[in-house]
Amino acid sequence: MQKKRTHMVGELADEALIGKTVVLAGWVGRRRDLGGLVFIDLRDRSGIVQVVFNPETSPLAHSAAEKLGSEDVVCVSGVVVRRPPGARNLTIPTGKVDVAAEFLEVLSKSKTPPFYITENLDVDETLRLKYRYLDLRRPDMQRNMIFRHRLTMAVRNFLDSQGFVEVETPMFIKSTPEGARDYVVPSRVNPGRFFALPQSPQLFKQLLMVSGFDRYFQLARCFRDEDLRADRQPEFTQIDIEMSFVERDDVLTLIEAMVTDCMEKTLGTSVEKPFLRMSYAEAMERYGSDKPDIRFGMEIIDIGDIVKNCGFRVFQGAIEAGGKVAAIVAPGCSDFSRQQIKDLEEVVKGFGAAGLMSVAVSCGGEGEQTLSSQLSKFLTEDELRGIAKVTAAENGDLILIVAGARNVVLESLGRLRLHLGAKLDLIPQDQMAFLWVTEFPLFEFSQEEQRIVAVHHPFTSPLEEDLDLMETDPLSVRANIYDLVLNGVELGSGSIRIHRRDVQERVFRALGLGEEEAREKFGFLLEAFEYGAPPHGGIAIGFDRLAMLFAGRKTIRDVIAFPKTQKAVCPLTGAPGVISEEQLNELHIQVVDMGKIGTSGDPELP
RNA sequence: GGAGGCGUGGUGUAGCUGGUCUAACAUACCUGCCUGUCACGCAGGAGAUCGCGGGUUCGAAUCCCGUCGCUUCCGCCA
């Protein structure tokens, strides 16, 4: 570069610079060639500024500017001038000034880009990912990445200020049983052996507690070979935290302080502390979800008491079988057509419900409610009115009822609630609704494996008061688990760990793990615990999701510089690729089913 | 593994109840004109065998089957 850059373009919003000569460098945005005058929008990561090329100022610069194309990289010098009245652009921060170019050097020509380098781009995401370096040139993506950086710094600064030590843990680790599918790396020097990439640094952070690191954190890369979603990538980042000599509320208080501090530092907004807390059981009863979106109401209401003796087989049968009849109220939906209600029924059926009953509440004059429903064939008028009363349905509302097994009723109504919340636009988009969900069950029964498995992980501490149930009724033992939920998204999950040997053994026994098997699988951790393990607990916060929600995005791909597609492919680099026969041999690996090798991602493949 | 949506010039879309579709519109691109534009304007031009394969038909962007890719969701994610 011939000239040394003196300013970022965004700095020119400061009118004190008027009259000064500046040297700028950046990319050419739009060019407006008026024949005599040429305007360009010069862009760097601080913003854009308009540069004017006037042949009277510099014929040389002007004629060079006539040949500029989109995304050429240029160096411009000139005087910052106040724009003539009426020519100001108040929609951009630098809109009151121009740079009157005296000198222009093209540092690098650009091919015509495959899409516009502009905000609010609507273009196929594969194309964005293939040209991610151009996509990341767009101002909104630059803002996202810079925002993520700020959030990273806020997290690190906060935790540092609280005496936390960031420790890096290995990426090549031993595969541990349970949990997600591992990404696996073959070992060249150990034929037939494989490393796993960490699903989280769980065991290492507990070892660090044994080592006396008291307060550990890490912005940790984690890897899980599971199918992708808008908020799930195969590699992702967690704010991983572990603390010694703490109880649950110490962790919750710390995280509340961290999250609100980060919010203030990055968004400049605050939110009330402490966050709302709710037991898992309550979350399920009221919202049919272990991660309720509490930005809106429409809670689930049990109507079992009203219909338990109604004689309608579907309702009564559900209750007699130990199930449930419950409802939600869709506000202002009493005029839903049969087809619209059928569509809602499809939603609950998708989650196992047998069907959906509805009661439309309308005004019958004289303040009377008219209830119309296919249920009037089966229920008495009093029973229908009873339902309207406990659900507090008002004129114009539609009561939606599901009967069946408890978890099916709750989950399907919970999903229907979310569906309607979005459809009816009931969810305030500008709110940050944090929530702690606590007291999860310690175990659940895995239908697939036909055995009891840990809900969180096998080192999660049971609640003291439920210890007695461990042998008699393990599935109702509650754990000292806490999930942080933000706007219906699971942000993080943590627990107080077991540090007592006897408790750990009882948990293993409940999981059907013999002493020998436990040694084999987690031996190093158990052994470590025999050398003085402090009571400890921690949490891991999904950093990408936090960044996504704070940045107001709908997918974590928007806050990850180089994300993967839903098939876990990188359209930019073509990863994952095939490797040579030599590489395979060196790794002692044979590809069994060559016929299954797909072509997605890899441009080298046929 | 399953369900839905999408796939048409570089980009975003229209066309999709089969026949002047010899594929339209906008924008980007090229050429020319233009001294206050800022999504500059005006005039002209080039650019797509409609994701791919097969079938039905005299005739397919359009109908059918298969397949690939992207995406949302279910399963899965200690």
Checking contacts here: which listed nucleotide (B:U72, B:G10, B:C77) is nearest the side-chain heavy atoms of A:Gln566? B:U72

Regarding A:Ala87, tell me which of base, sugar-phosphate or nothing describes its non-hydrogen contacts under 4.0 Å with the strands shown. base

Taking the side chain of A:Leu37 as heavy atoms from C-beta outward, which of B:G12, B:C77, B:G36 is closest to it? B:G36

Between the protein and nucleotides 25-27 of chain B, list the N/O to N/O atom pairs that are separated by less than 3.5 angstrom.
from, atom 1, to, atom 2, distance (Å)
B:U27, O2', A:Tyr116, OH, 2.7
B:U27, O2, A:Tyr116, OH, 3.2

Go through B:G12, B:C38, B:C73 for me and flag the one nearest to the A:Arg229 side chain. B:C73

Can the ring centres of A:Tyr183 and A:Phe223 be said to be less than 6.0 Å apart? no

Options B:C70, B:C38, B:C76, nucleotide nearest the side-chain atoms of A:Asp227: B:C76

Could you tell me whether A:Ser70 contacts a base, only the sugar-phosphate backbone, or nothing, with contacts defined as non-hydrogen atoms closer than 4.0 Å? sugar-phosphate

Starting at the 5' end of RNA chain B and moving along, which residue's nearest nucleotide shows up first, A:Val123 or A:Arg31? A:Val123

When you compare the ring of A:Phe115 with the six-membered ring of B:U11's base, are the centres less than 5.5 Å apart and the planes under 30° from each other? no

Looking at every non-hydrogen atom in both residues, tell me the closest pair between A:Ile452 and A:Pro474 and how far apart they are. CD1-CG, 3.9 Å

Measure from the side chain of A:Thr112, starting at C-beta and using heavy atoms only, and say which of B:U72, B:G75, B:C29 lies closest. B:C29

